[in-house]
Amino acid sequence: MTKKYWLMKTEPDTFSIDDLKSRPNKTESWDGVRNYQARNFMRDEMKKGDLILIYHSSCKIPGIAGIAEVAKESHPDHTCFDKTSKYYDPKSSEENPRWFMVSVKFKKKFKNFLPLNELKEQKKLKDMLLLQKGSRLSIQPVTKKEYDFITQELAK
DNA sequence: GCCAACGTTGGC
DNA sequence: GCCAACGTTGGC
């Protein structure tokens with residue numbers, strides 16, 4: 001089974017890579033995703049051990065902060081059943097959940113954070129989904145080439 | 001806070 | 001199935 005590579009966005013004011021690191025077992029359920037494409041990646045394609053770039057969005061300096069891995073494969077996102085949750089979805093039920101999530105485990109925080117504006121300068125990353133105009137998808141596939149370049153040449 | 005780009009909803 | 005209206009994302 002070949003390992004796949006992903007990028008997951010998070011707003012550091014809400015949940016940062018440091019928050020992930022300080023969780024019990026350094027693991028967190030990636031709940032609250034309410035986009036079908038992103039859901040399908042989690043439900044159908046993300047496998048245990050796949051590697052994830054953790055991206056900080058909607059903050060002063062957006063960019064890639066470090067690495068996590070898939071710790072638990074697809075299971076229903078319970079927040080869609082919870083009427084008190086802001087992620088509650090009336091069209092979901094326990095019998096027929098609409099939303100799924102994976103759990104991710106902290107692996108590494110880069111010593112040097114990789115800001116978006118520096119990623120944009122990299123010719124080798126010009127095709128990266130993250131850097132395409134209008135790209136808003138919160139969970140994206142990353143190629144092995146991109147992943148290796150980012151983790152081995154840009155980050156330490 | 002602005003706004004472009006994208007996704008979803010719902011009337012027809 | 002089309003598409004206008006609306007809501008959200010996310011960089012700047």
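Labels below follow one simple rule: chain letters A, B, ... track the order of the sequence lines, proteins then strands, and each chain is numbered from 1. Computed from a prediction, not measured in an experiment: that's the story for all the values here.
- Environment of NZ in A:K9: crowded, with over 12 heavy atoms of neighbouring residues, nucleotides or ligands closer than 6.0 Å.
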Check the pair A:K109 / A:K21 against side chain to side chain contact (heavy atoms under 4.5 Å, CB included), numbers first and verdict last.
CA-CA 9 Å; A:K109 181 182 176 181; A:K21 189 180 180 181; 5.6 Å; no

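- Around atom NZ of A:K47, more than 12 heavy atoms belonging to other residues, nucleotides or ligands sit under 6.0 Å away.
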Base-contact (B) and sugar-phosphate-only (S) positions in nucleotides 7-12 of chain C, heavy-atom cut-off under 4.0 Å, - elsewhere:
BBBBSS

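- No donor-acceptor distance shorter than 3.5 angstrom exists from the side chain of A:D31 to the backbone of A:D77, with no hydrogens or angles considered.
- Residues A:K3 and A:K144 have side chains not in contact (no heavy-atom distance under 4.5 Å, counting atoms from C-beta outward).
- One interatomic measurement links the two molecules: CD of A:Q140 to P of B:dC6, which rounds to 13 Å at whole-angstrom precision.
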